Every structure is written in C-alpha cells, then in structure tokens.
Amino acid sequence: GARTVTLQGEGIAVGGLIVGPTPENFGGSVIGSPVTRNFTVTNTAAAPSAEFNMLALLDTGTLLTSTEFAYGAATAPACPIAPAAAAPLAAGTSCNVRVIFTPTGVGLQPAEMRESGNVAYAILTGTGLNPASIAIAGAGAYNNVAVNTSKTTTFRTWMRRGCCAR
C-alpha cells in the first residue's frame, strides 16, 4: 500500500543581486575616445547568491553585442565576466565591474549590462561626438622672416563641435 513520509526542513533564501549605479550615462565622448565607469554588483540578501557571471553588453536597439561598450579590468574583487566560470556572491558582499564606452559613431549609444540570472542589470548610455574642427583664415605669409625678428598676422577662427558635419 501507500506510505506516508513526513518531511521537515528550512528554506534558504537565494541572494538578491543588484547592479549600481543604474541608469548610468557616460556623457558625450569624441568618436574613438574611451570613457570608463565602475559598477558594483551587491548581494543584498542574507544568503549566498546563485552562481552568476556578467553577460555580454548588449546594444538595446539591436540586441546584439555592443560595439561601443566593453568590459575592462576591474579592481578586486572583480565579478566573473562570461565566458569565465560562474560563481556565487556571499551574503552582504559586492564585486566590481568596469565598463569602457568608446563610441564608434555619432549620436546616442544605448546598451544594457546583465548578469547571467537576468535578475540584476544596468542601463548604459553614451553619446558619440564628432571631433571639434578649427578653421583658420588669414594672411599667413611667414616666409622671409629674418632671424631674431617677428611678424604679426591676425587670424579669424571658427570652431564647430557637435553631432553632425555641416
């Protein structure tokens, strides 16, 4: 016949991971010029977290791996970055993540940083800028200036900075 078994136990809460700061705006940066920000993943629970690692940074527009945002070497203790082996985070502790924004194009570049459990994430944004350009017009005839003498010329300058070439 049927048997009855009585089970008794205590549940253990799985740790709650949060990533901060979020959202994080890296600001404006000239194309090809890196900007670095540091993030902290914290286990706010009284128990170790499930094993996790930080997944690829995704472009939120295409959901493909971002070409503008990348991980850098974080200060210790560093969070595991995929494809590194996942690991739990002890209760009440934190690990560090460094992200580098290097714009490859002009305009807003959004991305998302997630851990493998898809619980903790950070929204990232940065803006790619065209390099500033300076136009100089004037009578710049410096030829035939004798040694130990000077010559003065007046220049007019215009500086263009922003997102779009005109």
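These numbers come from a predicted model, not from an experiment. Side chains are part of it too, since the values below use all heavy atoms of this structure and drop only hydrogens, waters and symmetry mates.
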With sequence neighbours excluded, residues passing side chain to side chain contact (heavy atoms under 4.5 Å, CB included) with Asn38:
Arg98

Quick note, salt bridge (Lys or Arg N to Asp or Glu O under 4.0 Å) partners involving residues 36-50, not counting sequence neighbours, are Glu24-Arg37

Does any non-hydrogen side-chain atom of Pro21 lie less than 4.5 Å from one of Phe39?
yes

Looking at residues at least two apart in the chain, or sitting in another chain, which of them share a ring-ring contact (aromatic ring centres under 6.0 Å, His included) with Phe52?
none

How is the hydrophobic cluster of Ile123 composed, in terms of its other members, when Ile, Leu, Val, Met, Phe, Trp and Tyr link through side-chain heavy atoms under 4.5 Å apart, directly or indirectly?
Tyr121

Pairs involving residues 59-69, ordered by first then second residue, that meet side chain to side chain donor-acceptor pair (under 3.5 Å) (sequence neighbours left out)
Glu68-Thr104

Only counting residues at least two apart or in another chain, list the ones meeting side chain to side chain contact (heavy atoms under 4.5 Å, CB included) with Thr42.
Ile18, Thr40, Thr44, Ser94

Return each pair, listed once, that meets salt bridge (Lys or Arg N to Asp or Glu O under 4.0 Å) where at least one residue sits in residues 70-80; pairs must be two or more places apart or across chains.
none

Pairwise disulfide bond (SG atoms under 2.5 Å apart) hits with a residue in residues 21-131, at least two apart
Cys79-Cys95

Could you pull out all residues at least two apart from Arg114 that satisfy salt bridge (charged side-chain N to carboxylate O under 4.0 Å, His left out)?
Glu112

What side-chain donor-acceptor pairs closer than 3.5 Å can you find for residues 81-88, not counting sequence neighbours?
none

State which residues pass side-chain hydrogen bond (donor to acceptor under 3.5 Å, both in side chains) with Ser29; sequence neighbours excluded, sorted by chain then number.
none

State, with a plain yes or no, whether a side-chain heavy atom of Thr125 is found less than 4.5 Å away from one of Phe26.
no

Could you tell me which residues satisfy side chain to side chain contact (heavy atoms under 4.5 Å, CB included) with Pro77, sequence neighbours excluded, listed by chain and number?
Asn96

